[in-house]
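All chains are named by letter (A, B, ...) in the order of the sequence lines, taking the proteins before the strands, and each is independently numbered beginning at 1.
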There are 2 protein chains.
Amino acid sequence: MSGGVEWGLHCCVVLCGAGEPVPAAKLAKLHDVSPSYLAKQLQLLSKAGLVRSTQGQSGGYRLTRDAAEITMLDVVEAIDGPQPAFRCTEVRRRGPMAVPPERCATPCPIARVMDSADRAWRESLRVVTIADLAAEVDTTTPRELLDRARAWLSA
Amino acid sequence: MSGGVEWGLHCCVVLCGAGEPVPAAKLAKLHDVSPSYLAKQLQLLSKAGLVRSTQGQSGGYRLTRDAAEITMLDVVEAIDGPQPAFRCTEVRRRGPMAVPPERCATPCPIARVMDSADRAWRESLRVVTIADLAAEVDTTTPRELLDRARAWLSA
DNA sequence: GAGCGCCTACTCGGATATCCGCTGTCCGAGTATGAGTGG
DNA sequence: CCACTCATACTCGGACAGCGGATATCCGAGTAGGCGCTC
C-alpha cells in the first residue's frame, strides 16, 4: 500500500482538530515529511472531495464535512485508488484447456474469495471515522502536549 | 498485490487434482503464462514448504500435504510475503511536536485499525483451503472439460 | 539373461536484465491580504 | 474618514526526474531414467 496513506490519515486527524485552514507546508513540517510529496496526497484528498483548499494568505486545507462523516476507507480510497488489490486475469480462459466464455457465468472461485477478503478489509476501515481517531488521540495524549500542538498550528 | 499470487493459487488447485508430479513447464503452458516467471513462484511455494519438487525425468511439483490442510493464506503469504500491507512509520514521534517515546506505550490508533483490517483480510483467506477451491471447480465445470484437462496433464 | 556403468535428457534453482509505479521535486496559475492613494 | 486600486506574497495545482520492487529471462547444478556393454 502507498505510504502516503499514512500521511493523509494523520493530516485528516490534524485538520479535524484545527478550526482554521492549515497550509500544506505546515502539515509537512509538523510531521517532518517532504512538503512537495505531501502536497500531492492532499491534492488527491481534494479531488476526492474530502478536503477543500483555500488559496492566498491564511489559506490552506480544511475538511469539507464533519469528521464523523469521513471514514478511514474514504481516505484510503482517495489516495490508493478504489480498485481492489487482487485483479483476476481470468487464467481459466487461457491456454490449451481454456474454459469457453459461455461456461464462465460464475466468477472464478479464487477471485470470489479474494473479493470477499477485500470487502472484509474495506468494511473494517469503513466503520472507523476520522472523529473516532481524533477522540482516541485526545484521550491517550497528555493535554499539555495537545495544547502545545494547537498553539503551534495556529502560530 | 503481486500478480504471481493468482498463478500460484491456480497451480495449487491443479496439483491438488493431479496424482503425479507436474513439471513447471507444463503448468506454465496450461495457463499460458511465462514459464520462467512461474518457476520463480513455484520456488517460493517450495521454500515455504507447500510443494515439494522432484528432479530428473518424470519429475515436477506436488503438494506436500493434503489440499484440505493448505489455506489460501498459506499460498498468498508464501508468494507475497507475510508482512502486512500497511507499515506504521511512527509519524507521531517525528517533527517539532513529537510525542516522547515513553508516551507511546499504546500503538498509534491508525496502525491499530489498519492491523485489525489486515487480520480480517487474512482470516477471510485462512478459512478457505485449496481443497475447497478444487471442489468448487469440480462442481461448476462440465465433467468432459475436467477429463480432457486430466488427460492433457498426464500426456 | 542379469547386472553394472555410463550417458542423455529432463528437471529445478539461483543469478541476471528490464519495466512500471511509487517517491520526491519543481515551477507556474490563482487569490486573499494589506498598503497606498484619491475623493 | 472612507472607498477604490494595485502590488505583493502566499497558497494550491499540475508537470517533471529518480529509484525500488515486481516482471520476465537465462544458464548452470543435479538427478532419474534408459541404453549399451560386459560377464
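The shortest distance between side-chain heavy atoms of B:Cys11 and B:His31 falls below 4.5 Å. In this structure the side chain of B:Cys88 never reaches within 4.5 angstrom of the side chain of B:Ile110, judged on heavy atoms. Side-chain contact between B:Asp118 and B:Phe86 is absent, with no heavy atoms from C-beta onward closer than 4.5 Å. Counting heavy atoms from C-beta on, the side chains of B:His10 and B:Leu27 never come closer than 4.5 Å. Between B:Cys104 and B:Arg92 the shortest side-chain heavy-atom distance falls below 4.5 Å. With a 4.5 Å cut-off on side-chain heavy atoms, B:Arg87 and B:Met114 do not count as touching. Side-chain contact between B:Pro96 and A:Asp32 is absent, with no heavy atoms from C-beta onward closer than 4.5 Å.
Contact annotation: A:Tyr37 does not reach the phosphate of D:dA17 (side-chain N/O to OP1 or OP2, under 4.0 Å). One finds no side-chain N or O of A:Ser46 lying less than 4.0 angstrom from the OP1 or OP2 phosphate oxygen of D:dC12.
Across all strands shown, A:Ser36 has heavy atoms under 4.0 Å from base atoms, whether or not it also approaches the sugar-phosphate.
Only B:Pro23, B:Ala24, listed by number, bring a heavy atom of residues 8-32 of chain B to less than 4.0 angstrom from any atom of DNA chain C.
The distance from atom CG of A:Leu45 to atom C1' of D:dG13 is 14 Å, rounded to the nearest whole Å. Regarding B:Gln41, its CD atom lies at a distance of 13 Å from the P atom of C:dG13, rounded to whole Å. If you take CG of B:Leu38 and P of D:dT23, they are 12 Å apart, rounded to a whole angstrom. Remark: P of D:dT23 and CG of B:Leu44 are 11 Å apart, rounded to the nearest angstrom. At whole-Å resolution of the value, CD in B:Gln83 and P in D:dG21 are 11 Å apart. When rounded to the nearest whole Å, the span between CZ of A:Arg52 and P of D:dT11 equals 18 Å. For the pair B:Lys47 NZ and C:dC12 P, the computed distance is 16 Å after rounding to whole Å. At whole-Å resolution of the value, CD1 in A:Ile79 and P in C:dG24 are 14 Å apart.
The number of heavy-atom neighbours closer than 6.0 Å to CZ of A:Arg52, taken from other residues, nucleotides and ligands shown, is 12 or below.
Comparing atom distances between the B:Ser53 side chain and each of C:dC12, D:dA24, D:dG14 picks out C:dC12 as nearest. Distance from the side chain of A:Lys40 is smallest to D:dC16 among D:dA24, D:dC16, D:dG13.
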Return the polar atom pairs (N/O with N/O) between nucleotides 27-37 of chain C and the protein under 3.5 Å, or none.
none

Got a list of side-chain donor-acceptor pairs under 3.5 Å for residues 57-82 of chain B, not counting sequence neighbours?
| from | atom 1 | to | atom 2 | distance (Å) |
| --- | --- | --- | --- | --- |
| B:Arg62 | NH1 | B:Thr54 | OG1 | 2.5 |
| B:Thr64 | OG1 | B:Gly49 | O | 2.9 |
| B:Thr64 | OG1 | B:Leu50 | O | 3.0 |
| B:Arg65 | NE | B:Glu69 | O | 3.0 |
| B:Arg65 | NH2 | B:Glu69 | O | 3.3 |
| B:Asp66 | OD2 | B:Ala68 | N | 2.9 |
| B:Thr71 | OG1 | B:Leu73 | N | 3.4 |
| B:Thr71 | OG1 | B:Asp74 | N | 3.1 |
| B:Thr71 | OG1 | B:Asp74 | OD2 | 3.1 |
| B:Asp74 | OD2 | B:Thr71 | N | 3.0 |
| B:Glu77 | OE2 | B:Arg122 | NE | 2.9 |
| B:Asp80 | OD1 | B:Ser2 | N | 3.3 |
| B:Asp80 | OD2 | B:Ser2 | N | 3.4 |

